[in-house]
Protein chains: 2
Amino acid sequence: MVKESSVPEVVILRLPLYIRALSQMSAEGKTVISSKSLGSRLQITPAQIRKDLSYFGRFGKQGRGYTVDSLIETLTNILGLDRRWNSCVVGVGRLGKAIINYPGFVPEGFKIISAFDNDVNKIGQSVNDIKILPMNMIRSTVEKHDIKIAILAVPATSAQNVITELVDTDIKAILNYAPIAPKVPPTLILRNIDPVLSLQSMTYYLQ
Amino acid sequence: MVKESSVPEVVILRLPLYIRALSQMSAEGKTVISSKSLGSRLQITPAQIRKDLSYFGRFGKQGRGYTVDSLIETLTNILGLDRRWNSCVVGVGRLGKAIINYPGFVPEGFKIISAFDNDVNKIGQSVNDIKILPMNMIRSTVEKHDIKIAILAVPATSAQNVITELVDTDIKAILNYAPIAPKVPPTLILRNIDPVLSLQSMTYYLQ
DNA sequence: TAATGTGAAAACCTTCACAGCT
DNA sequence: AGCTGTGAAGGTTTTCACATTA
């Protein structure tokens with residue numbers, strides 16, 4: 001059987017964590033760190049950090065550790081975070097508005113270009129200088145502005161339908177806030193943000 | 001070595017998903033389902049569902065499947081979702097307000113009882129009928145109202161400090177929205193909601 | 001017949017432990 | 001001396017496959 005990629009997904013999920021911790025350390029004036037010190041900050045074993053990094057190359061110096069800034073650069077590059085990723089918000093209810101407005105919600109590099117909604121009263125209005133467009137303009141807008149990421153903030157009841165619409169566009173990744181487990185073709189990247197699931201599993205350990 | 005619990009955490013994380021899908025199916029009028037049909041709705045293999053359930057008992061009937069409503073009840077009971085869980089929001093900025101206001105953000109059984117902030121201008125005000133209290137009242141309020149869950153929506157810079165404060169109260173679980181990997185004692189349950197990490201790992205697959 | 005429940009196998013991920021480099 | 005990079009070991013999770021039962 002052919003493997004899509006040889007890097008485990010769990011490893012990819014940890015890389016942004018490394019970048020974040022390294023950036024803090026850089027801000028604190030550290031120039032070199034060991035896997036041990038990075039690990040203790042993140043509560044991850046040093047061996048795991050070294051193993052994770054080893055999937056991509058050999059970035060450390062034996063006896064010394066890693067150069068903070070160059071490791072940040074390397075990881076940023078691996079994840080493709082050295083480019084700008086245009087995104088859009090679909091669904092401009094309370095949640096959608098909060099997402100568009102929340103400063104630092106969307107980090108450097110992720111630019112929200114447009115917002116879509118089906119509510120006739122909302123269309124034409126602006127949120128944080130982003131004009132709300134009708135849903136039927138998604139396809140053309142996505143194409144025109146090279147939007148690759150959709151942030152989905154519609155009610156659960158319409159989420160699957162909207163996703164089916166999105167599949168038909170140039171959107172390549174969906175950050176889904178609707179509390180459903182949507183079906184997407186394997187070519188599309190999907191991440192779910194689902195605080196309710198987190199709450200509902202925590203209680204098991206509280207009894 | 002002693003195992004804390006014999007049920008893998010991944011299994012616990014999937015149970016709320018099962019409840020959700022089963023509830024939908026129940027609403028659709030289905031009374032009996034097989035692991036196959038439940039799995040196809042959630043894109044999980046039937047074997048995994050059967051294995052997961054087998055950690056807790058034998059709930060199915062060979063040749064038939066599972067009774068939807070009784071499985072919902074069983075899982076709800078296992079997770080402790082048949083009780084009410086009092087919670088509080090710490091940090092009433094834009095995000096905190098959105099959390100308090102968002103309908104269905106907090107599902108049945110999770111009741112937000114109080115909100116805390118350190119901003120003198122906010123203290124005394126109400127959001128969605130919940131009065132904002134000063135931080136130094138957390139300890140007593142949590143005790144008084146039997147609050148077990150804290151939803152943390154403070155800025156990243158103060159998150160670790162607030163968590164350290166929370167550790168000293170009767171709070172047993174934290175749903176953390178701050179973009180940090182906080183250190184908590186192993187007695188406290190922690191779940192992080194971190195959309196930024198999700199975005200930053202998605203891009204790896206978009207290149 | 002149709003589907004569960006479950007040991008055993010396979011796949012996957014983490015940790016160990018140490019050779020090797022600075 | 002100190003720390004990386006990495007095969008190998010160990011542990012965990014998923015999948016297989018089938019005996020069993022309604």
Side-chain angles (χ1 to χ4, degrees), chain A residues 1-15 17-18 21-22 25 30-72 74-75 78 181 186 201 204, chain B residues 1-15 17-18 21-22 25 30-72 74-75 78 181 186 201 204:
Chain A
M1 197 211 272
V2 183
K3 274 282 243 23
E4 253 305 314
S5 151
S6 61
V7 185
E9 189 177 7
V10 270
V11 173
I12 302 299
L13 293 173
R14 280 191 293 264
L15 299 188
L17 231 39
Y18 298 163
L22 288 165
M25 289 166 138
K30 297 211 178 63
T31 57
V32 175
I33 47 101
S34 63
S35 59
K36 194 180 162 203
S37 64
L38 179 56
S40 90
R41 160 127 10 179
L42 290 168
Q43 317 221 244
I44 290 177
T45 64
Q48 177 145 83
I49 290 174
R50 295 201 302 276
K51 188 59 130 190
D52 284 356
L53 297 178
S54 78
Y55 284 102
F56 305 98
R58 322 172 80 209
F59 310 119
K61 276 207 178 65
Q62 279 148 324
R64 256 174 85 62
Y66 304 86
T67 307
V68 175
D69 287 344
S70 93
L71 187 51
I72 291 174
T74 303
L75 294 177
I78 289 169
S201 63
Y204 176 78
Chain B
M1 198 212 275
V2 183
K3 273 285 238 26
E4 253 305 315
S5 151
S6 62
V7 185
E9 190 177 6
V10 270
V11 173
I12 302 299
L13 293 174
R14 280 190 292 264
L15 299 188
L17 232 39
Y18 298 163
L22 288 164
M25 289 165 137
K30 296 211 179 63
T31 57
V32 176
I33 46 99
S34 63
S35 59
K36 193 179 165 203
S37 65
L38 179 56
S40 91
R41 159 127 12 178
L42 289 168
Q43 319 222 244
I44 289 178
T45 64
Q48 177 145 88
I49 290 173
R50 295 200 302 277
K51 189 59 134 188
D52 284 357
L53 297 179
S54 78
Y55 283 101
F56 304 98
R58 321 173 81 207
F59 309 119
K61 278 208 177 62
Q62 278 149 324
R64 254 174 87 63
Y66 304 85
T67 306
V68 176
D69 287 343
S70 92
L71 188 52
I72 291 175
T74 302
L75 294 177
I78 288 168
S201 63
Y204 177 78

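Here is the naming used below: chain letters follow the sequence lines, and residue numbers restart at 1 for every chain.
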Sorted by number, the residues of residues 31-45 of chain A with heavy-atom contact under 4.0 Å to DNA chain C: A:Thr45

Shortest non-hydrogen separation from A:Ile78 to A:Phe59 and the atoms involved: CD1-CZ, 4.5 Å

Nearest heavy-atom neighbours spanning A:Leu38 and A:Ala21: CD1-CB, 3.7 Å

Contact list for residues 55-71 of chain A, test salt bridge (charged side-chain N to carboxylate O under 4.0 Å, His left out), sequence neighbours left out: none

Contact summary for A:Ser6 and A:Tyr55, nearest pair of heavy atoms: O-CE2, 4.0 Å

Nearest heavy-atom neighbours spanning B:Leu13 and A:Ser201: CD2-OG, 3.5 Å

Axial bend angle, the helix from C:dT1-D:dA22 to C:dT22-D:dA1: five-pair end segments, nearest 10°: 10°

Set of side-chain hydrogen bond (donor to acceptor under 3.5 Å, both in side chains) partners for A:Thr74, sequence neighbours left out: none

Exercise: identify the closest heavy-atom pair between B:Val68 and B:Ile33: CG2-CG1, 3.8 Å

Stretch residues 48-70 of chain A: residues that reach within less than 4.0 Å of DNA chain D through a heavy atom: A:Arg50, A:Lys51, A:Ser54, A:Arg58, A:Phe59, A:Gly60, A:Lys61, A:Gln62, A:Gly63, A:Arg64, A:Gly65, A:Tyr66

Contact nearer the 5' end of DNA chain D, comparing B:Val11 with A:Pro46: A:Pro46

Qualifying residue, where the test is side-chain contact (heavy atoms from CB on, under 4.5 Å) with A:Pro46 and the options are A:Ser35, A:Ser40, A:Ser37: A:Ser35

Residues which pass side-chain hydrogen bond (donor to acceptor under 3.5 Å, both in side chains) with B:Lys30, listed by chain and number, not counting sequence neighbours: B:Glu28

Euclidean distance, atom CD of residue A:Glu9 to atom P of D:dT14 [Å, nearest integer]: 13 Å

Over all atoms of both residues, closest heavy-atom pair of B:Arg50 and B:Tyr66: CG-OH, 3.7 Å

